[in-house]
Amino acid sequence: MSTYKSDFLNILSERGFIHQVSEPDALDARAASGQITAYIGYDCTAASLHIGHLLPTMMLYWLQQTGHRPIALMGGGTTRVGDPSGKDESRRILTEDMINENLRSIRQTFSKFLKFESDGGNAVMANNADWLNQLNYIDFLRDVGRHFSVNRMLSFDSVKMRLERQHELSFLEFNYMILQAYDFVELNKRYGCALQMGGSDQWGNIVNGIDLGRRMNDAHLFALTAPLITTASGAKMGKTAAGAVWLNADLVSPYGYWQFWRNTEDGDVARFLKLFTTLPLGEIAKLTALQGSEINEAKKVLATEATALMHGRAAADEAAGTARKTFEEGTFAASLPTVEVARATLEQGIGVLNAFAELSSLVSSNGDARRQIKAAGLKVNDVTVSDEKMVLTAKDLTADGAIKLSLGKKKHVLLKPI
RNA sequence: GGGAGAGUGUCCCGAGUGGCAAAGGGGGCGGACUGUAAAUCCGCUGGCUACGCCUUCGUAGGUUCGAGUCCUACCUCUCCCA
């Protein structure tokens, strides 16, 4: 591992964020001698970022922590086109209203990691719709389009793959890489931005931007990509039953978020601590020296630290406490996810199937509940349900005034009368 | 515009002969073993008021006792020719 002169590259490198850098020495010299401005592009096809966005966001975090200026570029304009990279299916095109809605929501997530000008920081949130929406087609072709060689564009993997697999690649999508290159040039002009970061799959797109900058404005731009994160067993990160692990608290609760990190595979703990927490490396080394089941301690730290970054220290500690009570002490944690029922309904009796399917949503249907009962997967107050006709009444309330419904060993919901 | 092919269980890939709630994977969920891990093994993976009923194979019709399967039209996509 090479040592850099700048804190920025040193930290990214030590923590495992770097996959490829263009002209590392030149970039290092620049970062060591003054402030650089760098950006990462995000799409806004959803109302929340997910775990997959976390890694690039941490790069922006460290950028700012080491005295530089981060730009989070929202693809308000390019989202209306769709990135063909690595995807066979054309991305769904959203309306402008939906995009703006998503933008608002995502900004909140960024403000957890970055200090924007309104908070006394120097981070910038830009939207490429600001310049892309105004482009004049003829002017754009003349000023930008002439710098692109179709021969070369056809040789990019993302394009080649689509052609080889005989999947359609529309002209619209084909232009995505040109727009992204143009973003870089525009940010360079507006903010003096000299570095674009992103996932390793973005390398080609970023390099295009570097070329375009040199040709149009004689600008000297840089690229830095992060490795693609997969779990030790090779799965893509951030996928669960429910789909993506979202960062917004209303989509995935802090407790659920904590659990996600808690269930990290052994082989990933060290890497994730470095990437997704801000703990000093020395401390991380100590944690990851733990052997066997001891490594669970490291997982708890990972979960709490990652959750604290995202949802705040208090929420993280609460999630850790809930988990401790539920899993280690086997007791009742009143802070588990809770569903309320009318007391009168409970007095009349609630069928287990109904309780699990309709009320708690732990299972998707009555049929699913039946199957889980057959497989001994459902528990009421920690007792396995064996009869699908079982009825829950006020008698089932524990001393804490609720009924604990469990699916498997990990998913619990409290049923509380009101 | 002409010709050739494709669309299957709302997670994905993918068999499918007129009797099909539809093979097989992957993924996911549950169980066992463990450490809330991985690996391994086992079970499940349309809905319901459930020995029955209802809804599913691009869409809409049709032929049949019976259609994912045959016919017609339409939609979407791919390839070749113009």
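Labels below follow one simple rule: chain letters A, B, ... track the order of the sequence lines, proteins then strands, and each chain is numbered from 1.
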Side chain of A:Thr338, backbone of A:Leu336: donor and acceptor closer than 3.5 Å? yes
Practice prompt. Indicate yes or no for a side-chain donor-acceptor contact from A:Asp28 to the backbone of A:Leu9 under 3.5 Å, with no hydrogens or angles considered.
Written response: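 Not a single qualifying donor-acceptor pair exists.
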Return the value, rounded to whole Å, for the distance between atom [atom1] of [X] and atom [atom2] of [N].
{"X": "A:Tyr255", "N": "B:rU36", "atom1": "OH", "atom2": "P", "answer": "13 Å"}
{"X": "A:Glu265", "N": "B:rU36", "atom1": "CD", "atom2": "P", "answer": "16 Å"}
{"X": "A:Arg324", "N": "B:rU36", "atom1": "CZ", "atom2": "C1'", "answer": "15 Å"}
{"X": "A:Trp258", "N": "B:rA37", "atom1": "CH2", "atom2": "C1'", "answer": "13 Å"}
{"X": "A:Leu302", "N": "B:rG35", "atom1": "CG", "atom2": "P", "answer": "20 Å"}
{"X": "A:Glu328", "N": "B:rU36", "atom1": "CD", "atom2": "C1'", "answer": "9 Å"}
{"X": "A:Arg370", "N": "B:rU49", "atom1": "CZ", "atom2": "P", "answer": "6 Å"}
{"X": "A:His412", "N": "B:rU36", "atom1": "NE2", "atom2": "P", "answer": "12 Å"}

Integer angstrom distance from the [atom1] of [N] to that of [M]:
{"N": "B:rC79", "M": "B:rC74", "atom1": "P", "answer": "22 Å"}
{"N": "B:rA22", "M": "B:rA73", "atom1": "C1'", "answer": "27 Å"}
{"N": "B:rG35", "M": "B:rG27", "atom1": "C1'", "answer": "25 Å"}
{"N": "B:rU64", "M": "B:rU76", "atom1": "P", "answer": "31 Å"}
{"N": "B:rA15", "M": "B:rG24", "atom1": "C1'", "answer": "7 Å"}
{"N": "B:rA67", "M": "B:rU55", "atom1": "P", "answer": "13 Å"}
{"N": "B:rC13", "M": "B:rG31", "atom1": "P", "answer": "30 Å"}
{"N": "B:rU45", "M": "B:rA21", "atom1": "C1'", "answer": "13 Å"}

### Message
With hydrogens left out and only the distance checked, is there a donor-acceptor pair under 3.5 Å joining A:Gln259's side chain and the base of B:rU36?
### Response
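Between B:rU36 and A:Gln259, which were checked side chain against base, a qualifying N/O pair under 3.5 Å is present.
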Any donor-acceptor N/O pair under 3.5 Å between B:rG35 base and A:Asp266 side chain: yes
Return the pairing partner of [N] with a 3.5 Å limit on both distances, Watson-Crick or G-U wobble; otherwise return none.
{"N": "B:rG27", "result": "B:rU45"}
{"N": "B:rU64", "result": "none"}
{"N": "B:rC77", "result": "B:rG5"}
{"N": "B:rA22", "result": "none"}
{"N": "B:rC57", "result": "none"}

Per nearest nucleotide of RNA chain B, the residue lying toward the 5' end, A:Gly367 or A:Ala320, is A:Ala320
Closest to the 5' end of RNA chain B, once A:Lys410 and A:Ala375 are matched to their nearest nucleotides, is A:Ala375
| said: Any side-chain N or O of A:Asn366 below 4.0 angstrom from OP1/OP2 of B:rU49? | reply: yes
**Q.** Under 4.0 angstrom between A:Ser365 side-chain N/O and B:rG47 OP1 or OP2
**A.**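 So the side chain of A:Ser365 is within the cut-off, an N or O lying under 4.0 Å from OP1 or OP2 of B:rG47.
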With the side chain defined as heavy atoms from C-beta on, A:Lys409 is closest, among B:rA32, B:rG35, B:rU36, to B:rA32
Among B:rA37, B:rG30, B:rG47, the one nearest any side-chain atom of A:Lys411 is B:rG30
Describe the nucleic acid contact of [X] in one word from base, sugar-phosphate, nothing, applying a heavy-atom distance below 4.0 Å.
{"X": "A:Arg371", "value": "sugar-phosphate"}
{"X": "A:Asp368", "value": "nothing"}
{"X": "A:Ile295", "value": "base"}
{"X": "A:Lys374", "value": "nothing"}
{"X": "A:Thr326", "value": "nothing"}

| Among A:Asp317, A:Thr307, A:Thr304, which residue meets the side-chain hydrogen bond (donor to acceptor under 3.5 Å, both in side chains) test with A:Trp258? |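 Passing option: A:Thr304.
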Practice task
Take A:Asn208 and A:Arg152 through the side-chain contact (heavy atoms from CB on, under 4.5 Å) test and state the conclusion after the steps.
Solution key: CA-CA 10 Å; A:Asn208 268 336; A:Arg152 219 163 75 76; 3.2 Å; yes
Within the 4.5 Å heavy-atom criterion, are [X] and [Y] side-chain neighbours or not?
{"X": "A:Gln372", "Y": "A:Leu362", "result": "no"}
{"X": "A:Pro24", "Y": "A:Leu27", "result": "no"}
{"X": "A:Lys300", "Y": "A:Glu328", "result": "yes"}

Is the base of B:rC57 syn or anti, if syn means a glycosidic angle within 90° of 0?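 It is anti.
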**Message:** Can you tell me whether the base of B:rC20 sits syn or anti, using the 90° cut around 0 to define syn?
**Reply:**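 Because its glycosidic torsion lies within 90° of 0, B:rC20 adopts the syn conformation.
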Is A:Arg107 positioned over the aromatic face of A:Phe116, cation under 6.0 angstrom from the ring centre and no more than 45 degrees off axis?
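Positive - A:Arg107 is close enough to the ring of A:Phe116 and near enough to its axis.
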